[in-house]
Amino acid sequence: VEGEAFTRSRNVTVQLTAAGAGQMCLWGDYTTSPEDQCVAESNGWEVFSGTRALVLTTGDAVKTLTVKFRDAALWSAATSPSATVTYDASGPTPGRLVLRGYGKDDAEDANYTNRETIKVQLIGFTDLISIAELQVASSAETCGFGGAIWQPYEYDTNSADTVTVYHSLNGADGSKNVCARTRDAAGNVSAKVEGSIALDRAAPSFSVAISGEGSGGASTSDYTRTRNVRVALDGGDGSGSGVSQMRFSRTGSFADVDW
């Protein structure tokens, strides 16, 4: 008895091989299965055929089919081969979407990333059978899957319900909406889960003005008679992640200057 490992349809076809068989009788998890498990007098006996169409019983589960063969003289085969198929008509539950970009010193950051490639994780997914692929897409607008490919994933070695793929963000810097969904081995597709992360590849832009104290205490940008001066910064980070730190140097070298 041969069949597929998974199906999302109750309508299946069983492949059968038996040398010299004239009749066969199938029973198991399908709608018209004989309740007597194919005893010699069963009404389930029929002319042998290499294929048999069946309708599986309802409910996502592993379904078992068993068959008996006998020849024209009604001698039954010594063994009754069987096969199983997992009926799974329900889409996976995708779990929680976690996005991880890269910030200062290449540390992972859930809010911003300074490079196009980010880590996409689904945590806490569930399915009757294991998920086979992930599909990820991103956009500055509403996130959809047009043109997105299904791709293999990596399991987290520390967590059996966490899977990871890597995704490249496209377009200009700014906030990106990222969506993901899973597909199991039977072809069922989960609902979409979404998150957002900001792509920031541009450094802040600033101009600097220094003013000191001149004659009569007046502020001047040309010279100063005190060591205490005022440094004014004008600029910003545009649509980026925002300015969080700064550092100063009197020589133009920042090799030994802390943020």
Colleague: Got Arg100 and Gln121 here, is their nearest side-chain heavy-atom distance under 4.5 Å?
Modeller: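 Yes. Closest side-chain heavy atoms under 4.5 Å.
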
Colleague: Can you check whether Leu26 reaches Arg52 side chain to side chain, under 4.5 Å on heavy atoms?
Modeller: yes

Colleague: Would Arg247 pass as a cation-pi partner of Trp259, given that its NZ or CZ must be under 6.0 Å from the six-membered ring centre and within 45 degrees of the axis?
Modeller: yes

Colleague: In plain terms, say whether Arg201 and Asp173 are close enough for a salt bridge, that is, a side-chain N and a carboxylate O under 4.0 Å apart.
Modeller: yes

Colleague: Is there a donor-acceptor pair closer than 3.5 Å between any side-chain N or O of Thr79 and the backbone N or O of Pro81?
Modeller: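 Judged by distance alone, no pair lies under 3.5 Å.
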
Colleague: Would you say Trp45 and Asn43 make side-chain contact, with heavy atoms under 4.5 Å?
Modeller: no

Colleague: Tell me whether Lys63 contacts the main-chain N or O of Thr58 through its side chain, where contact means a donor paired with an acceptor under 3.5 Å.
Modeller: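 Side chain of Lys63 to backbone of Thr58: a pair is present.
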
Colleague: Is a side-chain N or O of Asp109 found less than 3.5 angstrom from the main chain of Thr113, in a donor-acceptor match?
Modeller: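 Not at all, since once roles are kept as given, no pair shorter than 3.5 Å links the two residues.
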
Colleague: Can a cation-pi geometry be assigned to Arg181 and Phe145, taking NZ or CZ under 6.0 Å from the six-membered ring centre and within 45° of the ring axis?
Modeller: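 Here Arg181 passes the 6.0 Å and 45° test against Phe145.
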
Colleague: I want to check something: taking the side chain as every heavy atom from C-beta on, are Met24 and Leu16 in contact at a cut-off of under 4.5 Å?
Modeller: yes

Colleague: Mark yes or no for whether Arg10, through its side chain, and Leu56, through its backbone, hold a donor-acceptor pair below 3.5 Å.
Modeller: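 At least one qualifying donor-acceptor pair exists.
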
Colleague: Determine whether Ile118 and Val165 fall in the same hydrophobic cluster, where Ile, Leu, Val, Met, Phe, Trp and Tyr are linked whenever their side-chain heavy atoms lie under 4.5 Å apart.
Modeller: yes

Colleague: Which pairs count as disulfide bond (SG atoms under 2.5 Å apart) when at least one residue sits in residues 13-127, sequence neighbours excluded?
Modeller: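 Non-adjacent pairs meeting disulfide bond (SG atoms under 2.5 Å apart): Cys25-Cys38.
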
Colleague: Knowing that exactly one of Thr117, Leu134, Val120 qualifies, which makes a side-chain contact (heavy atoms from CB on, under 4.5 Å) with His167?
Modeller: Val120

Colleague: Do Val62 and Val85 come within less than 4.5 Å of each other through their side chains, counting heavy atoms only?
Modeller: no

